[in-house]
Amino acid sequence: MFHSVIEARLRLAVAAVVPTANLTVVQVRPATESRFGEFQSNSLMSIARSLGINPRQLAADIVARLELGDICAPVEIAGPGFLNFRLLPAALVGLVTDALAGQHLFFEPTARSKSIVIDFSSPNVAKPMHVGHIRSTGIGDALQRLWRLLGHRVVTDNHIGDWGTQFGKLLVGWKTLLDRVALEADPIAEMERLYREVNTRCDADPLCLDVARRELVLLQAGDPENLSIWQEMIRLSQVQFDTIYGRLGVRFDVVLGESFYNSELAGVVGSLLSAGVARESEGAVAVFSDGKLAPKEDPFLIHKEGEWVDIPALIRKSDGGFNYMTTDLATLVHRLKTWNPDEIIYVVDDRQSAHFKSLFLVFERWQPEAANGVILRHIGFGKILGDDGKPFKTRSGDTVKLGDLLNEAEERTLKVVAEKRPDLSLSEQKEIARVVGIGAVKWQDLLPNRQSDYVFSWDKMLALQGNTAPYLQYQYTRASKVVRDAGDRDADQGVVLTEAAELALVRHLMNFGFTLQAAAEECRPNYLCNYLYELASHFSRFYEACPVLKVEEPARSSRIGLCELAARVLKLGLNTLGIEVTDRM
RNA sequence: GCGCGGGUAGCUCAAUUGGAUAGAGCGUCGGUCUCCGAAGCCGAAGGUUGUGGGUUCAAUUCCCGCCCCGCGCACCA
């Protein structure tokens, strides 16, 4: 790709002129405006600054050493020291020709493949998946697709909540209140009912709480009856997970729930104690501040009533039970041992950022060498809000179940499809409604910057105009329709790029790879969303301005080719976000 | 109180992490189908980027103060 060629050669030139320069800061990026050419570099100005020399003079010296005559017009030095790169028309034509010949699709796999574990979704056993799971699931799935597309080795791991204190109450409910018929009809709803009923009883009756605790202890001790009930609850929940993930097109390489690590937890605590990282406190075992960080940076300290006091991370409760910190440490160790990854990515709600900060620090203190060899990243995200600016709920104030949400998305879309396309059969309409409805939910979720909250709106996500999944999917159908109607393209006619709309489309296609890489590295799927929306707009303008099937050769074949490439990039890009396309809608 | 996010057009959000004249969508107003799919396209209006300083060729972005909003702050995850 031209981007990496230009960047590599620019680095060579910089190294020749300034041998001491840090070459990683030398970066080339797509030009912000077409009048600046195809690519630009702003890096020389900061290098000049750190060297205390005139940036334009430095730029002139470097440009004199720069060998790009085979692909670029003479490099322009603009303003205080920008470099502007304009591709030769033949280079652009060559790039498109190669793409049409199947040699690339405007991106290239990484030269340095990493292995990455991605932890996302993490639903709980015996509870319905709800709207809160969209974000982790959608963002996590998009990220794993992105990293894989670029040639990295990815392991996706669904860390299911299949262990914990809630099972005491669930067991009591199962043994005393279970309605077999209801369980048969809707197992999740029945288990949810059991939990709620026991929970309210326990709030009023301490005796009930005691019973629940006893059931939990029995479960943890391996009591056969409780164990088999627990396994049945997991099995029933897994059916729900599989249904939802099937509809979302999400799959995991491994599903290792919290319970998988039970046998490791005592060892983790023992190891942390003997390493001197943890100590006993008020009957519990906890990790305290080691005083090496400034109080403000230290997650194990908190400012209260005028002084800094300890807020240790608990790894064993005073009753002997373990916390999720302990489980997360055991999980981390297991992942390192099993996959030896370069990076582990946790796609979890931003509200848990303090937990991950603590987790990573505890691990560093516990196993410094291992921690040194892996990058641990908490990829957080904001909440989904309703129209009222408060967390998104149903009218009656309940959490919105994910299955219901997907149903509604499909139903609402079906109404639109039935109205717009009465000529299609019902089954075709339903298939379109499925693809568009699910796509709309995902797009709305992936489009905003992940760390900010966003407002959930049926009307906005299903709107047929504007920055929505239906708009992109529609542009895809237009492009692919032309390609279908065109029959075989005459490759011998060559690629001709004369119209402004053609050039704008090609320039944008060319930036696909740059965008994929940025989106993956920053773990920001919205970069790809923005890119694809712009691509769809560029295509639409091109389609409006340039007749395809009705124009003389060689423009005809050339433009069919552009439609084909736009369609392929749109489809691949959307698929990388976990969104499907249809040929008709 | 302390920490972490956030505050950008009437509304909902971007801004490739310090770049060139801060961009989209919705809404408003206007134009555009005898012509490859109008679920489209074109145009107009709309901004002191919460606020006050600072750093520099350049600040929505980095630093400091202040004002609002959300979230978190040992034995739930």
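Numbered from 1 within each chain, the chains take letters A, B, ... in sequence-line order.
Comparing A74(B), C36(B), G19(B) against the side chain of Pro80(A) picks out G19(B) as the nearest. If you check G37(B), A15(B), A20(B) against the side chain of Asn449(A), the one that comes closest is A15(B). Side-chain proximity of Leu549(A) to the nucleotides C36(B), A20(B), U17(B) is greatest for C36(B). Closest approach to the Tyr527(A) side chain among C36(B), A20(B), U16(B) is made by U16(B) (side chain taken as heavy atoms from C-beta onward). Side-chain proximity of Ser281(A) to A74(B), G37(B), C41(B): nearest is A74(B). The side chain of Ala284(A) sits closest to C75(B) out of C75(B), G70(B), A77(B). Taking every side-chain heavy atom of Ile311(A) into account, C73(B) is the closest of U16(B), G37(B), C73(B). Among G37(B), C76(B), U17(B), the nucleotide with an atom closest to any side-chain atom of Thr165(A) is C76(B).
As rounded to the nearest Å, G70(B) and G50(B) have C1' atoms that lie 15 Å from one another. Here, U8(B) and A14(B) have their P atoms 11 Å apart, quoted to the whole Å. Across the C1' atoms, A20(B) and G37(B) are found 39 Å apart, a figure rounded to whole Å. On the P atoms, A22(B) is 31 Å away from C67(B), given to the nearest whole Å. Taking atom C1' in both G10(B) and C29(B), one finds a spacing of 15 Å when rounded to whole Å. Taking atom C1' in both U12(B) and G46(B), one finds a spacing of 15 Å when rounded to whole Å.
Within the nucleic acid shown, Cys546(A) comes within 4.0 Å of at least one base atom, counting heavy atoms only. Nucleic acid contact for Thr32(A): base, since at least one base atom lies under 4.0 Å from a heavy atom of the residue. Residue contacts for Ala354(A): at a heavy-atom cut-off of 4.0 Å it reaches no nucleic acid atom on any strand shown. Nucleic acid contact class of Pro448(A) (heavy atoms, under 4.0 Å, all strands): sugar-phosphate only. Here Arg450(A) lies out of heavy-atom contact (under 4.0 Å) with every strand. Residue-level contact check: Val548(A) touches the bases, meaning some heavy atom is under 4.0 Å from a base atom. At a threshold of 4.0 angstrom between heavy atoms, the contacts of Gln40(A) include nucleobase atoms, whether or not backbone atoms are also involved. Asp319(A) comes within 4.0 angstrom of no nucleic acid atom, judged by non-hydrogen atoms across all strands. Residue Ser540(A) is in sugar-phosphate contact alone, with no base atom involved, counting any heavy-atom pair closer than 4.0 Å across all strands shown. Residue-level contact check: Ala78(A) touches the bases, meaning some heavy atom is under 4.0 Å from a base atom. Using a 4.0 Å heavy-atom criterion, one finds that Phe322(A) contacts the sugar-phosphate atoms exclusively.
Each of Glu502(A), Glu553(A), Glu552(A) was evaluated against Arg559(A); a single residue qualifies, Glu502(A), per the salt bridge (charged side-chain N to carboxylate O under 4.0 Å, His left out) test. Among Arg86(A), Arg29(A), Arg507(A), the one residue that satisfies the salt bridge (charged side-chain N to carboxylate O under 4.0 Å, His left out) test with Glu38(A) is Arg507(A).
Close to C76(B), at under 4.0 Å from its OP1 or OP2, lies no side-chain N or O of Gln166(A). The shortest distance between the side-chain N/O atoms of Arg29(A) and the OP1/OP2 oxygens of U17(B) is below 4.0 Å. Between Asn42(A) and A20(B) there is no side-chain polar atom (N or O) within less than 4.0 angstrom of OP1 or OP2. The shortest distance between the side-chain N/O atoms of Arg35(A) and the OP1/OP2 oxygens of A20(B) is not below 4.0 Å. Remark: Lys296(A) is in phosphate contact with G3(B), judged by side-chain N or O atoms under 4.0 Å from OP1 or OP2. Between Tyr471(A) and C41(B) there is a side-chain polar atom (N or O) within less than 4.0 angstrom of OP1 or OP2.
Between the P atom of A24(B) and the OH atom of Tyr531(A) lies a distance of 18 Å, rounded to the nearest Å.
Look at Tyr454(A) and the base of U12(B); the rings do not stack under the cut-offs of 5.5 Å between centres and 30° between planes. Taking the 5.5 Å centre cut-off and the 30° plane limit, the aromatic side chain of Phe82(A) is not classed as stacked on G19(B). By the 5.5 angstrom centroid cut-off and the 30-degree plane limit, Phe36(A) is classified as stacked against the base of A20(B).
Side chain Glu544(A) to base G40(B): a donor-acceptor pair is found below 3.5 Å. The base of C75(B) is paired with the side chain of Ser318(A) by a donor and an acceptor separated by under 3.5 Å. At a cut-off of 3.5 angstrom, the base of A74(B) holds at least one donor-acceptor pair with the side chain of Glu282(A). A donor-acceptor contact under 3.5 Å is formed by the side chain of Asn84(A) with the base of A20(B).
In this structure, Arg541(A) CZ and His538(A) NE2 are separated by 5.5 Å, a value rounded to the nearest 0.5 Å.
Under the 3.5 Å distance criterion, with hydrogens and angles disregarded, no donor-acceptor pair is assigned to the side chains of Gln352(A) and His378(A).
If Leu301(A) and Tyr474(A) are placed on RNA chain B by their nearest nucleotide, the residue sitting closer to the 5' end is Leu301(A). Mapping Ala31(A) and Lys550(A) onto RNA chain B via the closest heavy atom, the residue that lands nearer the 5' end is Ala31(A).
When both distances must be under 3.5 Å, the Watson-Crick or G-U wobble mate of G43(B) is C29(B).
Taking the charged nitrogens against the carboxylate oxygens, Arg196(A) and Glu192(A) do have a contact shorter than 4.0 Å, which makes a salt bridge. Contact check on Glu428(A) versus Arg421(A) returns no salt bridge, with no Lys/Arg side-chain nitrogen under 4.0 Å from an Asp/Glu carboxylate oxygen.
The aromatic ring centres of Phe39(A) and Phe2(A) sit 6.0 Å or more apart.
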